[in-house]
Each structure stands twice: as structure tokens, then as C-alpha cells.
Amino acid sequence: MNNHRDEEINILIVDDNPGKRSALETVVSGLGFRVLTAASGQEALHLLLAHDFAVILLDVNMPIMDGFETASIIHGRPRSEHTPIIFVTAISTTDDERFRGYRLGAVDYVFSPVMPEVLRAKVAVFADLYRLRRGAVRQVEQLATMNEQLRKEVAARYQAEEALTRSNADLLVANRELEAFSYSVSHDLRAPLRAIDGFSRKVITHYGDQLDDEGRRLLQVVRDNAQRMGQLIDDLLAFSRMGRREMELRPVDMEAMVKGVVEELRAVEPQRVIEFALAPLPRARGDAAMLRQVWLNLLGNAVKFSRQRPVANIEIGGRAAGGELLYWVKDNGAGFDQQYADKLFGVFQRLHRQDEFEGTGVGLAITQRILHRHHGRIRGEGQPDAGATFQFTLPLPALDDPRPEGETS
Amino acid sequence: MNVHEQELQILLVEDNPADAELTLDALREGHLVNQVQWVKDGAEALGVLLDRGPDSAVVNNRLRLVLLDLRLPKVDGLEVLRALRADERTRRLPVVVLTSSHEEIDIARAYDLGVNSYLVKPVESEAFMKTVNHLGLYWMLLNKLPGETK
């Protein structure tokens, strides 16, 4: 075993006779230990206040306080109660005296004149024992420290978990309230609008001939607004549902999805000239129905806001970039003023007048909500009358993601 | 609106008088209104449907269709549906839910309980008329019921 500086091992030699003391010191000094000496029992006890010793060589015959008395005090102190003591005594020591020594906790005797090899061997053994014991004690202390740390960590984690459970429960309650709220909106808010619209229509149908043009126009305004309110409620409910709906995450072939959406949009306005430029799109992972809604909203907007162009140009692209997937939709439509860009994604926020472009201002809010739920982001850039570009990101799918079903290449 | 028991073919279960009036308007356009009885809550509906007296429409196999709102006082629409499906006489009676709710949970529950069709009442009144008209024609003229094949 190596002796490091901080791992120093102390040996104490106690003898009132300077000659014997230095003789013993000489014998053990070659072992690499730090040797301290004391000329009396009192001096030895003094040193014990400041140091721990691997072993003490203790002369039995000393004036004032003899070796046995010194030993009994040493072993009476908790700090040194297990410190081994080797009594150094004359060969003439009686058995009686030796038993007294053992009762006091002596671990061994050496007889003077000492045989250097014997003493060295004994001291070395005790030093090894001491070293082992010290190592064990340190390990126990380290374990205790680690235990304490672990206990604190467990307690902290438990607290965090409790807080999480609490806020989870709060969220559940809030969610249930929200569900109950939108349930009653869904059931109860539309019925009066149906009556307003339906009965206005009855007036126009049955009493239209008793009204002048202005009277009929006024009723039509009532109807238009009832219908618009119905649309607002439906869109708001759709927005709310999008936040609560459970997601089914699967690999999604974005290119095929976009092709489907493009066909659908073309069919709605077959008379228009719309050039779609579709670049290859990387696959994503997400809820297919929700991601389809994203494309439908973005492409639907591109189609809608390019209505006044003789030829609408809509570019769709995507690539993996910076550890995520990036997709974009670019159009040559009406665009918007960039200073209002932060309003694009708010519920019921619109950047165009109702008589320019119809809509409730919920589509982009739903789009953003879907992307947030997928840990993605969206932003829009535009210039009035010079088109708009919308970019969104999604996390890269894991490498072992299986391909979408039904594909072979 | 009460019709003579002999003529009752459609039972409209609707608590909102405005909705009921618009629904009856639409059925009138389809010349089906004389065969309709309107009841205003679920309890009243069950009173008619589970009546086993000698003049009962169900007992006499005349009833062909129930138009059922979901949000009803006393006994709600889904409870009415459950009771109908649990009764041997009305187990196969066509029931069409006609409601304001788009909620997925209502649609799923209604189908779980054995509804034949689920329609959401449009706010826009032309669309509403058309919806009720179509469903009246379909269920009263086109649809076949058990025991009608000669």
C-alpha cells in the first residue's frame, strides 16, 4: 500500500528513558511512518488530543503515571478506545502483570531489549490494520453523505412530483370545465341564431311583398350576420377542439398529403388558373388529420388571397434544416403589411376587410395551435400586394421511424 | 300539435319551439306535416313511444320515424334512445338525431346506442330546410322497414 502525504500514519512511542525511546524510534523509523515520541504518560495523552495513532508503543514502567494507568486513560477516551497498544516491558514481567495489561486492552507485548525485526513486523501489521480501518471509516462516511444527498434528492423529487400531480389535477379540472363550456356553446348558442335566420327568412318569404327593397335588405343584413355568427361559433369550437383532441403520432408522407389537398382546392374553384409548384417534401411524424388541416389552411389561404391574380402562383417546398424539418408555402397574392405580422395567428384576427376577403380569422390560429402541439413553430412574411410566405417547422422524426403504410420504396 | 293516432308516422321530439316550427315548416314543404306529432321533452316522448294501449302508434306499426333532439328537459335524447333500443317493440324503429351539437362525444354515444342517422341542424335556414326535407323524403319514402317486403 502506498503512503500518500495525506494518508500519513502516526506511531507513538512512550518511554521515560531517552535512550530506550530513541532506540525504539530508530527501529520503527525505517517503515515510512511518522513517529512521535513522549517521555511520560501525560505527554502521551497530550499528543493523543491532537493526533490519531495506528499503534502506541508504551513503556510499562514509568514514574508518576505508569504504562497501565496511561493505557486505561487512553482506552477510556472514545476517540482512542480502539487504538492498539503494545506494551514494552522487561523480560522479567510476571504473568500477573501481563494479564493486567491485556485486561486494559493491550494487544501485544514486546520485551526489552527488543528484537528489531519482531517489533517492525508487529508495527507494520497494526499500521496495515489501521489503514484498512481508516479506509472503511471513510467509506462509511462517504456512504452516509451519499445517502443524505440521495435522501434530499428523493425528497425534492417527491415534492416536485406532488406539485406536478397538483397542477395536473388543476389542468384536468380546467380541461373538464372547458369541455363542459364548449359542449354547452355547441348545443345552446347556435339554436337562437337558427331562429333569427329562419324567422327572418319566413318574413321575407311570406311578407316580402309588403316590404320595400330597403325593408328586405335590412332583413337580409340580419340573416347575413346570424349566419356569420354561426360560422364564428363553429370556428371557435373547432379551435377549442384542436387544443383538446388526442393526437395520434405516425409517420406522414407530406408530399402525398399536399397533393391531395391541392386537388381538393382545385376542385372548389375549377374556373381559376392556379399554378402549384410542388418541390419534393421530407416526411414528417405527427397526427395526419391535424397536419392535413395545417396544409389545408395554408394552401387555402394562398388560393384565397391570390384570387385577384390572373394566374395564381403557389410554391410549396420543404427540407431538413438545423435539426428540424422546415416547410413553406409562398403565394403571389394580396400579401399583408409586415408590421401586423404578430396579429396573424390570433383568434378572430384578420388583416383584410370582410368585403375584400371572407373569413373568420381562426384558420391561422388553429394552424399555429396544431404546430405548437407538434413542438413546431410557424411564421409569416408578407408585403402588401406582393404575396405572402408562411414557413413552419416540425421536429425531425426518429431514424427508426417506419415508412408510411403501403409504401415500398 | 296533435295528430290523430291513425295518422301518426313521425314523432318530433324537440323542446325549442322555434326549431320545432322551422322543422315542421320544412316537413310541410315535403307534404309530410299531417303525419307528425310534436312532443317537447324526453318524458313525453317515452310516454308516446312506450304506450302499449290499443290505439298506440307503435303497437299498430304505423310509426316510421323519430326525429330526436339531444338536449331535452327531464329525459335527454340519448336516454330516450336507450329506452327505445331496450324495448322489443321499438328496437328497430328508425331514430334520427337532429341536434345542434357537432361534439364528437355526442355522435359516438348516439351511434353506440344504435341511432340510424345523426344530423346537425344548420344555422343557415335554406340549408336547414333542405336537410329536413331530404331526411323526410328518405326515411318516409325510400327507406324500407322490416316486414314491408311483400
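Keep in mind that what you see is a predicted model, and the values were worked out from it rather than measured. The chains referred to below are lettered A, B, ... by the order of the sequence lines, with proteins before strands, and numbering in each begins at 1.
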- request: Using the side-chain contact (heavy atoms from CB on, under 4.5 Å) rule, take B/Leu11 and B/Leu49 through it: C-alpha gap first, then chi angles, then the decisive distance, then the call.
  value: CA-CA 9 Å; B/Leu11 187 69; B/Leu49 291 165; 3.6 Å; yes
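- To the nearest 0.5 Å, the span separating CG on A/Leu218 from CG on A/Leu211 amounts to 9.0 Å.
- To the nearest 0.5 Å, the span separating CZ on B/Phe128 from CG on B/Leu119 amounts to 10.5 Å.
- Residues A/Leu344 and A/Leu351 meet the side-chain proximity criterion, which asks for heavy atoms closer than 4.5 Å.
- When the shell of 6.0 Å around CG of B/Leu141 is examined, it contains more than 12 heavy atoms from other residues, nucleotides or ligands.
- Applying the side-chain contact (heavy atoms from CB on, under 4.5 Å) rule to B/Ala43 yields the partners B/Asp41, B/Lys74, B/Val75; only residues at least two apart in sequence or on another chain are considered.
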Note each donor-acceptor pair with a separation under 3.5 Å, taking one atom from chain B and one from chain A.
residue, atom, partner, partner atom, Å
B/Asp19, OD1, A/Arg194, NE, 2.9
B/Asp19, OD1, A/Arg194, NH2, 3.4
B/Asp19, OD2, A/Arg194, NH2, 2.6
B/Glu21, OE2, A/Lys202, NZ, 2.5
B/Asp25, OD2, A/Lys202, NZ, 2.8
B/Arg71, NE, A/Asp188, OD1, 3.3
B/Arg71, NH2, A/Asp188, OD2, 2.7
B/Ser100, O, A/Arg190, NH1, 2.9
B/Ser100, OG, A/Arg194, NH1, 3.3
B/Ser100, OG, A/Arg194, NH2, 2.8
B/His102, N, A/Ser186, OG, 3.4
B/His102, NE2, A/Arg190, NH2, 3.3
B/Glu103, OE2, A/Arg241, NH1, 3.4
B/Asp106, OD1, A/Tyr183, OH, 2.7
B/Asp106, OD2, A/Tyr183, OH, 3.1
B/Asp106, OD2, A/His187, NE2, 2.8
B/Lys121, O, A/Arg194, NH1, 3.3
B/Glu124, OE2, A/Arg223, NH2, 3.2
B/Ser125, N, A/Asp197, OD2, 2.6
B/Ser125, OG, A/Asp197, OD2, 3.1
B/Ser125, OG, A/Arg223, NH2, 2.9
B/Glu126, OE1, A/Arg223, NH2, 2.6
B/Glu126, OE2, A/Arg201, NE, 3.1
B/Glu126, OE2, A/Arg223, NH1, 3.3

